[in-house]
K.L.:
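Here it is: the structure, laid out below.
What you are looking at is a predicted structure, and each value in this text was computed from that prediction instead of being measured. Only heavy atoms go into these numbers, but all of them, side chains included; no hydrogens, no water, no symmetry mates.
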Amino acid sequence: MFRDIQATLAKLGSARTALGKFDEGLFDLRESLKISQSVLGRDHRTVAQILCHIGCLYFEAGELFSAQSTFEDALEIYREAFQVESDRDACMAQLTETLCNIGSIQNRRKNFSGAIESFKEALYLQRGILGHDHPRVIATLDNLAYSFSKSKLYNQALTCYKEMLNAQI
């Protein structure tokens, strides 16, 4: 029963966020988080998923520092959960998505060197589970190239764009 309540609260929070009702959405997501943490413990993949929803809410509300901090908490949990997770590929996919979210926030905050590190790690892991021509890998290459360009590392950006082109062909 707790999973039903927790899942419904998470969905309600996400829906309210989509409607721009950030305070109500945050309340629902925090309630879902409390239930999940009390039943599953802090280092469970479900807890990380809810934290990612909260991170997205903060991002939508323009709270970039809170968003990044929340995604970093989720990333730490995914790293721990990966060690014991039965569906390791799904956990790794969520971990790489979280890294990309952190990189996107760092780009918005003009912390391009931090974004480069986040996207590089995500790319390395994505290639290991998805291959070189998967759409997520291509999107990460695009974000990485943007970060390189903003850092005036044009040769690295060019390399990323060439890799994107090869993957698309």
K.L.:
In Å and rounded to the nearest 0.5 Å, what is the CE to CG distance from Met92 to Leu99?
P.N.:
9.5 Å
K.L.:
Just verifying a value: how many Å separate Asn143 CG and Ile116 CD1, rounded to the nearest 0.5 Å?
P.N.:
12.0 Å
K.L.:
May I ask you to test the Phe119-Ser104 pair for a side-chain heavy-atom distance under 4.5 Å?
P.N.:
yes
K.L.:
What distance do Tyr154 atom OH and Lys152 atom NZ have between them, rounded to the nearest 0.5 Å?
P.N.:
4.5 Å
K.L.:
More than 12 heavy atoms of other residues, nucleotides or ligands under 6.0 Å from CG of Asn155: yes or no?
P.N.:
no
K.L.:
What's the shortest heavy-atom distance between Gly103 and Ala115, and which atoms?
P.N.:
O-CB, 3.4 Å
K.L.:
Quick check: closest heavy atoms across Ala167 and His132, and the distance to 0.1 Å?
P.N.:
CB-O, 3.5 Å
K.L.:
Could you pull out the closest heavy-atom pair between Cys56 and Phe71, with the gap in Å?
P.N.:
N-CZ, 3.6 Å
K.L.:
Leu75 and Leu125: same hydrophobic cluster, using ILVMFWY side-chain contacts below 4.5 Å?
P.N.:
yes
K.L.:
Determine whether Ser36 and His44 satisfy the following criterion, side chain to side chain contact (heavy atoms under 4.5 Å, CB included), listing intermediate values before the conclusion.
P.N.:
CA-CA 8 Å; Ser36 296; His44 195 275; over 6 Å; no
K.L.:
Please find the pair of heavy atoms, one from Ser32 and one from Ile50, that lie closest to each other, and give the distance.
P.N.:
OG-CD1, 3.3 Å
K.L.:
Do the non-hydrogen side-chain atoms of Leu29 and Leu9 ever get within less than 4.5 Å of each other?
P.N.:
no
K.L.:
Should we count OH of Tyr124 as having more than 12 external heavy atoms under 6.0 Å?
P.N.:
no
K.L.:
Using modelled atom types and a 3.5 Å cut-off, is there a donor and acceptor pairing between side-chain atoms of Ser38 and backbone atoms of Lys34?
P.N.:
yes
K.L.:
Is NZ or CZ of Arg45 both nearer than 6.0 Å to the six-membered ring centre of Tyr78 and within 45° of the ring axis?
P.N.:
no
K.L.:
What distance separates Gln168 CD from Met164 CE, expressed to the nearest 0.5 Å?
P.N.:
5.0 Å
K.L.:
Would you say that Asp142 contacts Tyr161 through its side chain, given a criterion of any heavy-atom pair below 4.5 Å between the two side chains?
P.N.:
yes
K.L.:
So do Arg136 and Thr96 actually touch side chain to side chain, heavy atoms under 4.5 Å?
P.N.:
no
K.L.:
Leu64 and Leu51: same hydrophobic cluster, using ILVMFWY side-chain contacts below 4.5 Å?
P.N.:
no
K.L.:
Locate the shortest heavy-atom distance separating Gly131 from Val137; write the atom from each residue and the value.
P.N.:
O-CG2, 3.3 Å
K.L.:
Please indicate whether Asn166 has more than 12 foreign heavy atoms, meaning atoms of other residues, nucleotides or ligands, lying under 6.0 Å from its CG.
P.N.:
yes
K.L.:
I'd like to check Gln126 versus His134 (side-chain heavy atoms, cut-off strictly below 4.5 Å). Are they in contact?
P.N.:
no
K.L.:
For residues 94-106, which residue pairs pass the salt bridge (charged side-chain N to carboxylate O under 4.0 Å, His left out) check, not counting sequence neighbours?
P.N.:
none
K.L.:
Between Ile77 and Arg42, is there a side-chain heavy-atom distance shorter than 4.5 Å?
P.N.:
yes
K.L.:
Any chance CZ of Arg88 has more than 12 other-residue heavy atoms, nucleotides or ligands included, within less than 6.0 Å?
P.N.:
yes
K.L.:
Say you draw a straight line from CZ of Phe148 to CG of Leu158; how long is it, rounded to the nearest 0.5 Å?
P.N.:
11.5 Å
K.L.:
Are Leu123 and Leu130 grouped together when hydrophobic residues (ILVMFWY) are joined by side-chain heavy atoms under 4.5 angstrom apart?
P.N.:
yes
K.L.:
Which atoms form the tightest heavy-atom contact between Thr98 and Cys52, and what is the distance?
P.N.:
OG1-SG, 3.4 Å
K.L.:
Would you check if Phe22 and Arg16 make a side-chain contact, meaning some heavy-atom pair closer than 4.5 Å?
P.N.:
no
K.L.:
With side chain to side chain contact (heavy atoms under 4.5 Å, CB included) as the test, would you mind laying out the steps for Tyr58 and Ile54 before giving the verdict?
P.N.:
CA-CA 6 Å; Tyr58 283 136; Ile54 293 171; 3.5 Å; yes
K.L.:
When rounded to the nearest 0.5 angstrom, what is the spacing between CD in Glu31 and CD1 in Ile5?
P.N.:
11.0 Å
K.L.:
Apply side chain to side chain contact (heavy atoms under 4.5 Å, CB included) to the pair Leu144 and Lys120, showing each step before the final yes or no.
P.N.:
CA-CA 7 Å; Leu144 180 58; Lys120 279 174 131 179; 4.0 Å; yes
K.L.:
In the single-linkage hydrophobic clustering (I, L, V, M, F, W, Y; side-chain heavy atoms under 4.5 Å), do Leu33 and Leu26 co-cluster?
P.N.:
yes
K.L.:
Would you indicate whether the side-chain heavy atoms of Thr17 and Asp28 approach each other to under 4.5 Å?
P.N.:
no
K.L.:
Check this for me, if you would: do Glu163 and Arg127 make a salt bridge, where the nitrogen-to-carboxylate-oxygen distance has to be below 4.0 angstrom?
P.N.:
yes
K.L.:
Under 4.0 Å between a Lys/Arg side-chain N and an Asp/Glu carboxylate O for Arg79 and Glu121?
P.N.:
yes
K.L.:
Would Ile35 and Val47 show up in the same hydrophobic cluster when neighbours are defined by side-chain heavy atoms closer than 4.5 Å?
P.N.:
no
